[in-house]
Amino acid sequence: KPALSPRLIQSGRKQQSHGLADRLHGAPQVIAIKADTRDEAVAFFASVVNTLPKGDSERIASRTLVVRSRSAWEKLERSTTPLVLVALFNDRGGVGLARSKGHTVVVPMDRTDGPDKGSIVLASLDRGEAQQALLEMGCKASHVREWARTARRSMMSLRRRLAVDQTLQSPEWSTSGSAPDLIPALLLGTWQDNSEGDQRAIARLAGVEYAEAQRRLMSWAQKPDPPIKLVGGIWFVVSPDDLWTQLARHLTSADMENFERMAKDILCEAHPMYDLPAGERWFPHMRGKAPVYSNTLRHGVAENLAFMGTHGASNPVAGGRTMSSIVQGIIWRVIEGSEGDWRIWATLGQCLTALAEAAPEQFLKGVQACLKKTPSIFAALFHSDEDPMFSVSKHRGLLSALETLAWHPEHLGAVVSIMADMVELDPITSQPPRPLASLSSILHPVLKNTEASADDRSKVLGALRARRHKQ
């Protein structure tokens, strides 16, 4: 696996890089560098030294020693040769005295170490720069977007992701004793801290009151290399891939059964704003029409199901079941629960793309079943009597999900058949997008909106014509 490059470690940190370089060129001093972990702070220091002009880089690197014990420090600080000493041990009281003996002292700090005053505090990585750095490292283009997102949230998570043997990089929070604290976050992904419905969902999965679950989660969020973070009132998992890799083995049958019930409850909730007259839906909270669960939680569960479905085809969890089989069951039960209620489909909106990716066959079968009902509940999705300035197309999420599945040749036939049926439901007077436009773009002989070959597209179009002729 590629080593982390200096450009990646310094992505979006130009100000801190220049500040460290200037201080290394100055008189002996104490330089504190604060990051999520001390290892990241040391990596940043090394990357800056390595990218200095050759002469300066060699001069500083040849005098730098990483010191991991107090006893070794006490010996080295007596040296008459000016050194750059990196204090990588816990009992660091008084290390600044080495400065008076002509040494530069570097103090790597993590989020549990003292105040930030006077420290070089590392900013989060810039995602765009990180993507370019990952490409230059030789990473596959299909991975860099996801990995740059991971790196921005946690450099240590990316380091584990790129490790040759990830078991050698197990974090503190991956032990069986810590797992119960993090299982709710693992299964739900993200949620609003101040939403009562979201709080109940977390408490139900944690088996304790929300205040206790929150306290446990906060303790992990404040540690070095945190698996979860709380920003702006929103909890989120730093790296789903990392968390699942480390904790999936600790899931129990009870955990999965609770999650299956919880996921159905969350995803089958219809937003109460659809109970209001069309002209009053633009600000439902003012009229006391707020959903039980936040949209943040709904998206978190949907995205988590997509991750489980695409990464868990052969990954067994509790009870010998695979993640993908569990996800397929959840998606089917959600569709069964929403078959007669267009409001649920409208509420899911952009979550539908994640659900379609989670279990494509179950999703397509469910949509086909809904289309066969008379009248079809999807007709209501296309009907629009709301002010276009204060509303969005209720059918946009469903079309987006189908367009995503159309990229896969094995699903093209089913998607085209469904979209053709939807064309008949579209009154044209509703807000775009149009099913006919989506269908045309997928089957276009030149435009690339599917991985299916031109021959496969032609066969699908022929099958559609034959079906229409029979009707």
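Because the structure is a prediction, the values reported are computed rather than measured. In this chain, numbering begins with 1 at the start of the sequence shown.
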So, taking the atom named [atom1] in [X] and the one named [atom2] in [Y], what distance separates them when rounded to the nearest 0.5 Å?
{"X": "F44", "Y": "S17", "atom1": "CZ", "atom2": "OG", "result": "3.5 Å"}
{"X": "L162", "Y": "C139", "atom1": "CG", "atom2": "SG", "result": "5.5 Å"}
{"X": "C370", "Y": "W345", "atom1": "SG", "atom2": "CH2", "result": "5.0 Å"}
{"X": "L8", "Y": "L158", "atom1": "CG", "atom2": "CG", "result": "6.0 Å"}
{"X": "D126", "Y": "Q131", "atom1": "CG", "atom2": "CD", "result": "9.0 Å"}
{"X": "L251", "Y": "I326", "atom1": "CG", "atom2": "CD1", "result": "8.5 Å"}

For the [atom1] atom on [X], are there more than 12 heavy atoms of other groups (residues, nucleotides or ligands in this structure) within a distance under 6.0 Å?
{"X": "K448", "atom1": "NZ", "result": "yes"}
{"X": "K229", "atom1": "NZ", "result": "yes"}
{"X": "E410", "atom1": "CD", "result": "yes"}
{"X": "E136", "atom1": "CD", "result": "yes"}

[Y] and [X], any side-chain heavy atoms less than 4.5 Å apart:
{"X": "H250", "Y": "L247", "result": "yes"}
{"X": "E40", "Y": "D110", "result": "no"}
{"X": "L402", "Y": "M422", "result": "yes"}
{"X": "E269", "Y": "T347", "result": "no"}
{"X": "M256", "Y": "L187", "result": "yes"}
{"X": "V238", "Y": "I228", "result": "no"}
{"X": "I377", "Y": "D341", "result": "no"}
{"X": "T112", "Y": "Q222", "result": "no"}

Show, in sequence, the C-alpha distance, side-chain angles and deciding distance for F307 and L243, and conclude whether the side-chain contact (heavy atoms from CB on, under 4.5 Å) test is met. CA-CA 12 Å; F307 177 86; L243 202 63; over 6 Å; no
Verify, without hydrogens or angle tests, whether [X] (side chain) and [Y] (backbone) share a donor-acceptor contact under 3.5 angstrom.
{"X": "T310", "Y": "A306", "value": "yes"}
{"X": "R152", "Y": "L125", "value": "yes"}
{"X": "R111", "Y": "A221", "value": "yes"}
{"X": "Q362", "Y": "G329", "value": "no"}
{"X": "R249", "Y": "Q246", "value": "yes"}
{"X": "T450", "Y": "A406", "value": "yes"}
{"X": "R13", "Y": "I9", "value": "yes"}
{"X": "S400", "Y": "R396", "value": "no"}

Does W235 have its ring centroid less than 6.0 Å away from the ring centroid of W191? yes
Just checking Y274 against W342, ring centres under 6.0 Å apart? yes
Smallest separation among heavy atoms of [X] and [Y], with atom names:
{"X": "T190", "Y": "G300", "answer": "CG2-CA, 3.5 Å"}
{"X": "S441", "Y": "L447", "answer": "O-CB, 4.3 Å"}
{"X": "L381", "Y": "H395", "answer": "O-ND1, 3.7 Å"}
{"X": "S376", "Y": "L425", "answer": "OG-CD1, 3.8 Å"}
{"X": "S11", "Y": "E129", "answer": "CA-OE1, 3.5 Å"}
{"X": "P226", "Y": "W220", "answer": "CB-O, 3.4 Å"}

With the threshold set at 4.0 Å, does a side-chain nitrogen-carboxylate oxygen contact exist between [X] and [Y]?
{"X": "K372", "Y": "D421", "value": "no"}
{"X": "R215", "Y": "E212", "value": "yes"}
{"X": "R434", "Y": "D426", "value": "yes"}
{"X": "K34", "Y": "D113", "value": "no"}
{"X": "R159", "Y": "D225", "value": "no"}
{"X": "D265", "Y": "R204", "value": "yes"}

Donor-acceptor side-chain pairing of [X] and [Y] below 3.5 angstrom:
{"X": "W332", "Y": "E336", "value": "yes"}
{"X": "D198", "Y": "S195", "value": "yes"}
{"X": "N449", "Y": "E403", "value": "no"}
{"X": "S453", "Y": "D456", "value": "yes"}
{"X": "D255", "Y": "T252", "value": "yes"}

Residues which pass side-chain hydrogen bond (donor to acceptor under 3.5 Å, both in side chains) with T51, listed by chain and number, not counting sequence neighbours: Q10
Take V237 and L182 through the side-chain contact (heavy atoms from CB on, under 4.5 Å) test and state the conclusion after the steps. CA-CA 10 Å; V237 169; L182 298 169; over 6 Å; no
List the steps and the verdict of side-chain contact (heavy atoms from CB on, under 4.5 Å) for Q214 and D193. CA-CA 9 Å; Q214 182 190 51; D193 189 52; 3.0 Å; yes
Mind checking whether H143 and W147 have parallel, tilted or perpendicular rings, split at 30° and 60°? tilted
Derivation and outcome, side-chain contact (heavy atoms from CB on, under 4.5 Å), residues L443 and V416: CA-CA 9 Å; L443 296 175; V416 167; 4.0 Å; yes
